[in-house]
Amino acid sequence: MSTIRTRFAPSPTGFLHIGGARTALFNWALTRQLGGQFVLRIEDTDRERSTAESEAAVLDGLRWLGIDWDEGPIRQSESANRHAEVVESLLETGAAYRCTCTRERLEEQRAAELASGGQGIYDGHCRDLALGPACGTHTVRLRIDRERELRWDDLVFGPSGQQASEIGDGIIRRSDGSPLYHLAVVVDDLDMGITHVIRGADHHSNTPFQLALYHALGATVPTFAHVPLIVAESGRKLSKRKDPVSIQKFKSDGYLPEAMINWLARLGWSHGDQEIFSAKDLTKYFDLEHVGRSGAQADLDKLDSLNQHYLKQRNAEDLFSVASPFLDAVAGEPVKRDAGLDRLLDLLRERSHHLVEMAEKARFVLVDEIMIEAGPAKKHLRPVVLEPFEALIEVLEALDEWTPAALESAFEATCKAHDDLKLGKLAQPTRVAITGTGASPGIYETLEVVGRERSLARMRAAALLIRERAAATP
RNA sequence: GUCCCCAUCGUCUAGCGGUUAGGACAUCGGCCUUUCAAGCCGACGACACGGGUUCGAUCCCCGUUGGGGACGCCA
């Protein structure tokens with residue numbers, strides 16, 4: 001079986017974008033499944049916008065997601081000589097020509113053609129001028145054979161392409177001698193032996209021009225697969241400003257890499273009714289045939305749901321390791337792992353969508369000084385509960401062991417002793433007293449993780465509060 | 001504007017001529033219950049429109065509408 005070679009070719013001009021991450025994921029999953037090689041190539045031909053920080057961010061993002069590559073990162077700028085050489089040979093064979101049109105002329109011509117209902121493509125002014133190297137400042141354009149059909153069978157979109165006459169003679173070398181993207185990708189994909197080009201659908205309409213380049217080079221055309229874009233609400237283009245698009249941002253917001261992988265995979269791809277996929281599953285099931293053809297809106301609610309799912313899947317050690325920085329941030333100091341903390345995280349993970357939320361919910365254990373929220377205090381720390389509440393404190397103080405079972409019987413006994421008081425009448429004030437909020441895990445578990453001394457201290461403080469309140473409002 | 005592409009519940013999607021149009025997320029309701037969750041059960045909810053083709057169209061063809069992409073000496 002012949003092996004496939006694929007590549008992910010991000011331009012290092014920002015962070016790893018969810019669209020890019022998904023493209024990388026699809027390339028990776030397919031390649032791993034077929035036992036091919038996956039190459040990482042940094043498209044840094046845009047010198048002005050490319051930065052080393054961006055490149056590092058892209059690499060970091062991929063690593064965090066668990067997407068590994070077999071070769072690279074190879075920087076496109078490193079093959080500048082090769083690109084120059086190819087342009088020269090194209091010039092020699094007449095497949096390309098020099099163009100001395102000024103930007104002003106080009107602009108005017110484009111505007112004029114657009115105005116007359118045309119397509120705004122280059123009019124071929126210099127096409128047959130046979131300009132030599134000494135023609136002065138010039139660009140190099142590809143001579144498109146206008147009779148040709150530039151078509152291919154896209155693995156996602158099916159039969160695609162258009163008449164060569166509908167596209168113009170594009171520039172392949174700038175007047176400063178540097179190559180343009182189209183030339184660079186084609187040459188690099190060729191040199192790297194890429195068999196399958198899987199990329200964003202924004203390149204779909206660029207493909208005919210690249211096809212013409214392959215033809216001019218007398219090369220075999222790779223297989224193309226264009227993956228639809230991830231779009232924002234109402235089908236709009238994702239905006240870096242308005243929408244959460246950076247993988248790093250998701251990471252710092254407390255999302256797990258396995259949830260991101262699963263979410264991204266199901267955004268535009270399906271495998272029957274299955275919703276849960278590990279990276280490993282993807283290397284088994286992923287296929288281009290089931291990649292949809294329409295743009296997909298990023299559904300953050302679904303990500304939340306998946307993230308919680310994976311939060312629940314983690315074992316205690318892995319859960320702690322990933323939650324740790326978030327816990328430290330809330331505590332204001334390094335939080336150590338112990339049995340009690342494991343217990344807490346276990347209780348909290350079915351109540352949290354992401355780690356930021358989880359750490360926030362853990363606050364009442366992580367800090368000594370809790371703040372009691374006004375609403376819940378007003379509702380549950382009322383004078384009417386003072387008597388049974390203080391009785392409860394006494395019972396708890398006398399408790400032999402601080403376990404959920406022992407606490408439960410203490411609560412029940414106290415209720416019974418007070419006219420069969422409903423459990424909630426005692427549980428809610430206690431909850432507010434020791435967590436500062438009206439919502440927490442089960443009251444016995446909550447008391448357990450806060451610990452005996454801290455719990456009792458907080459309850460006494462709350463009792464005092466109730467007394468003050470009773471005194472203030474006769 | 002020109003070219004290319006897309007179109008199933010609010011969202012992600014299954015479907016590949018005959019289905020009560022399925023699942024997931026979200027929403028709503030119930031159960032459970034000391035709160036919040038989780039879990040379980042249930043409800044709501046879609047084939048954009050108009051023509052064909054066909055015994056029969058969500059599915060095939062054409063058009064309309066809507067949306068997106070590309071038209072750079074960006075990638």
Side-chain angles (χ1 to χ4, degrees), chain A residues 9-13 43-46 48-50 76 99 101-103 106-107 110 113-122 137-141 154 157 160-163 166-168 170-176 178 180-182 184-185 200-209 226 228-229 231 233-237 263 266-276 289-290 292-306 308 312 347-352 361 376 380 408 411 415 422-432 435 437-444 446:
Chain A
S11 47
T13 55
E43 311 249 303
D44 58 350
T45 47
D46 185 345
E48 309 230 317
R49 293 194 297 158
S50 300
Q76 193 160 54
C99 170
C101 292
T102 61
R103 292 173 200 254
L106 257 19
E107 231 165 86
R110 188 178 305 127
E113 206 191 305
L114 240 29
S116 62
Q119 214 184 142
I121 59 177
Y122 180 57
T137 303
H138 64 275
T139 58
V140 174
R141 289 183 182 270
D154 196 278
F157 286 94
S160 305
Q162 54 193 309
Q163 254 301 325
E166 288 165 341
I167 64 173
I171 294 176
I172 56 177
R173 189 174 78 188
R174 296 186 180 88
S175 50
D176 69 0
S178 61
L180 263 94
Y181 166 76
H182 290 298
V185 240
D202 46 341
H203 291 289
H204 192 257
S205 25
N206 287 152
T207 308
F209 183 74
H226 289 91
L229 270 21
V231 300
E233 210 174 323
S234 77
R236 291 282 160 201
K237 196 173 178 178
W263 182 61
R266 278 295 282 110
L267 222 47
W269 173 77
S270 63
H271 183 65
D273 281 342
Q274 189 173 338
E275 296 288 348
I276 300 299
E289 294 77 60
H290 290 87
R293 286 138 298 156
S294 47
Q297 281 187 47
D299 181 354
L300 275 343
D301 282 333
K302 197 151 189 172
L303 208 215
D304 276 349
S305 154
L306 280 168
Q308 181 172 51
K312 291 197 278 188
L347 292 167
L348 258 23
R349 61 169 136 190
E350 58 186 37
R351 300 173 160 78
S352 312
K361 285 194 155 92
H380 299 294
E408 181 171 3
F411 269 71
C415 282
K422 285 193 67 175
L423 187 54
K425 296 285 181 202
L426 224 39
Q428 277 308 90
T430 305
R431 190 183 320 278
V432 174
T435 71
T437 73
S440 84
I443 191 63
Y444 311 128
T446 300

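By convention in this document, chain letters (A, B, ...) are assigned in the order of the sequence lines, proteins followed by strands, and residues within each chain are numbered from 1.
With rounding to whole Å, A:Leu303 atom CG is found 18 Å from B:rU11 atom P. Rounded to an integer number of Å, the gap from A:Ile443 CD1 to B:rU35 P is 11 Å. At whole-Å resolution of the value, CD in A:Gln308 and C1' in B:rA24 are 15 Å apart. In this entry the distance linking CD of A:Glu350 with P of B:rA38 reads 8 Å, nearest Å. If you measure from atom NZ of A:Lys302 to atom C1' of B:rG10, you get 13 Å, rounded to the nearest angstrom.
Across all strands, A:Glu275 comes closer than 4.0 Å to base atoms (heavy-atom distances). A:Arg431 comes within 4.0 angstrom of a base, heavy atoms only. Heavy atoms of A:Pro228 sit nowhere under 4.0 angstrom from any nucleic acid atom. When heavy atoms are screened at a 4.0 angstrom cut-off, A:Asp299 is found touching base atoms of the nucleic acid. Contacts of A:Phe411 with the nucleic acid, taken as non-hydrogen atoms under 4.0 Å apart, are absent. A:Gly170 comes within 4.0 angstrom of nothing in the nucleic acid, heavy atoms only.
You won't find any donor-acceptor pair under 3.5 Å spanning the side chain of A:Arg293 and the base of B:rC6, going by distance alone.
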Indicate for each nucleotide in nucleotides 67-75 of chain B, in 5' to 3' sequence, whether protein heavy atoms under 4.0 Å reach the base (B), only the sugar-phosphate (S), or nothing (-). -SBSBSBBB
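Formation of a donor-acceptor pair under 3.5 Å by the A:Ser178 side chain with backbone atoms of A:Arg174 is not found in this model.
Note on A:Lys312: a side-chain N or O is less than 4.0 Å away from OP1 or OP2 of B:rG39. Between A:Ser270 and B:rA14, a side-chain N or O to OP1/OP2 separation shorter than 4.0 Å is present. One finds no side-chain N or O of A:His290 lying less than 4.0 angstrom from the OP1 or OP2 phosphate oxygen of B:rC16.
Between the P atoms of B:rC36 and B:rC28, the separation comes to 14 Å (whole Å). With both ends at atom P, the span from B:rU65 to B:rC44 equals 36 Å, rounded to whole Å. Comparing the same atom, C1', in B:rG52 and in B:rA57 gives a spacing of 12 Å after rounding to whole Å. Spacing between B:rG17 and B:rC55 at atom C1', rounded to whole Å, works out to 11 Å. Between the P atoms of B:rA26 and B:rU11, the separation comes to 16 Å (whole Å). Taking the P atoms as reference points, B:rU19 lies 45 Å from B:rC71, given to the whole Å. Across the C1' atoms, B:rG72 and B:rC59 are found 41 Å apart, a figure rounded to whole Å. Separation of the P atoms belonging to B:rG22 and B:rU58 is 15 Å when rounded to the nearest angstrom.
By the 4.0 Å N-to-carboxylate-O rule, A:Arg266 lies close enough to A:Glu275 to be salt-bridged with it.
Under the 4.5 Å side-chain criterion, counting only non-hydrogen atoms from C-beta, A:Cys99 is not in contact with A:Ile171. Annotation: side chain of A:Trp263 is in contact with side chain of A:Leu300 (closest heavy-atom distance under 4.5 Å).
For B:rU19, there is no paired base (Watson-Crick or G-U wobble, both distances below 3.5 Å). B:rG50 and B:rC62 make up a base pair, with Watson-Crick or G-U wobble contacts both under 3.5 Å. In this structure, B:rG10 and B:rC25 make a Watson-Crick or G-U wobble pair, each of the two defining distances being under 3.5 angstrom. Summarising the base pairing, B:rU2 is matched to B:rA70 through a Watson-Crick or G-U wobble pair whose two defining distances lie under 3.5 Å. Applying the Watson-Crick and G-U wobble criteria (two distances, each under 3.5 Å), B:rG39 pairs with B:rC31.
Mapping A:Ala427 and A:Gly272 onto RNA chain B via the closest heavy atom, the residue that lands nearer the 5' end is A:Gly272. Each of A:Ala439 and A:Trp269 has a nearest nucleotide on RNA chain B; the 5'-most of these lies closest to A:Trp269.
Qualifying ring-ring contact (aromatic ring centres under 6.0 Å, His included) partners for A:Tyr122, counting only residues two or more places apart in sequence or in other chains: none.
A donor and an acceptor atom, one from each side chain of A:Ser440 and A:Thr435, are nowhere located under 3.5 Å apart. Using modelled atom types, one finds no donor on one side chain facing an acceptor on the other under 3.5 Å when comparing A:Ser160 with A:His226.
Looking at the side chain of A:Asp273, the nearest of the listed nucleotides B:rC6, B:rU13, B:rG23 is B:rG23.
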